[in-house]
Amino acid sequence: MNIYVSNLSFAIEDEDLKSYFAEYGEVTSAKVITDKYTGRSKGFGFVEMSDDEAAQKAIAELDGATADGRTIKVSVAKPREEKRSKPAYSNNRW
DNA sequence: GTTGAGCGTT
């Protein structure tokens, strides 16, 4: 389950985000999006959890919660574009 | 040293 988290404080980093969600289940990865060039936080991030219901519970519990003085927004993330998947048109017509 | 809507680098 991929989780999108926004409205984060700029002081929050990956391990902070992970520690918040780890209370509700196993966090396989947690990442705060930082600018590649300046290295500063963009104020949002992504968390991946292995247990789907733990993830949805974490979303329900952490959405609107306060982290570092900011009310964070948590929701299910949109899937990152997968370019490795096999083509849907796997016919041999052409 | 700064700022505030959003969906990330493979």
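Chain identifiers are assigned alphabetically (A, B, ...) following the order of the sequence lines, protein sequences preceding nucleic acid strands; residue numbering begins at 1 within each chain. The basis for the numbers below is simple: all heavy atoms, side chains too, and nothing from hydrogens, waters or symmetry mates.
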Report yes if the side chains of A/I3 and A/F21 come closer than 4.5 Å at any heavy-atom pair, otherwise no.
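With C-beta onward as the side chain, the pair touches.
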Hey, is the main chain of [Y] close enough, under 3.5 Å, to the side chain of [X] for a donor-acceptor pair?
X     : Y     : answer
A/D51 : A/G25 : no
A/N7  : A/T71 : yes
A/D63 : A/A60 : no

Could you pick out which residue, A/R40 or A/A77, lies toward the 5' side of DNA chain B when each is mapped onto its nearest nucleotide?
A/R40
Pick the closest DNA chain B nucleotide for A/K73 and for A/T34 by heavy atoms, then say which residue is nearer the 5' end.
A/K73
Distance, rounded to the nearest Å, where A/I72 contributes CD1 and B/dA5 contributes C1'
16 Å
When rounded to whole Å, the CG to P distance for the pair A/D35 and B/dG8 reads 13 Å
Starting from the C-alpha separation in whole Å, work towards a yes-or-no answer on side chain to side chain contact (heavy atoms under 4.5 Å, CB included) for A/K18 and A/V47.
CA-CA 7 Å; A/K18 183 177 182 179; A/V47 176; over 6 Å; no
To the nearest 0.5 Å, what is the distance between [atom1] ([X]) and [atom2] ([Y])?
X     : Y     : atom1 : atom2 : answer
A/L62 : A/K73 : CG    : NZ    : 15.0 Å
A/S75 : A/N2  : OG    : CG    : 11.0 Å
A/I72 : A/R70 : CD1   : CZ    : 12.5 Å

DNA chain B contacts among residues 43-68 of chain A, heavy-atom distance under 4.0 Å:
A/G43, A/F44, A/F46
Which ones in residues 2-16 of chain A lie close to DNA chain B, meaning a heavy atom under 4.0 Å from one of its atoms?
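Of all residues in residues 2-16 of chain A, the ones placing a heavy atom under 4.0 Å from DNA chain B are A/N2, A/Y4, A/N7, A/L8, A/S9, A/F10.
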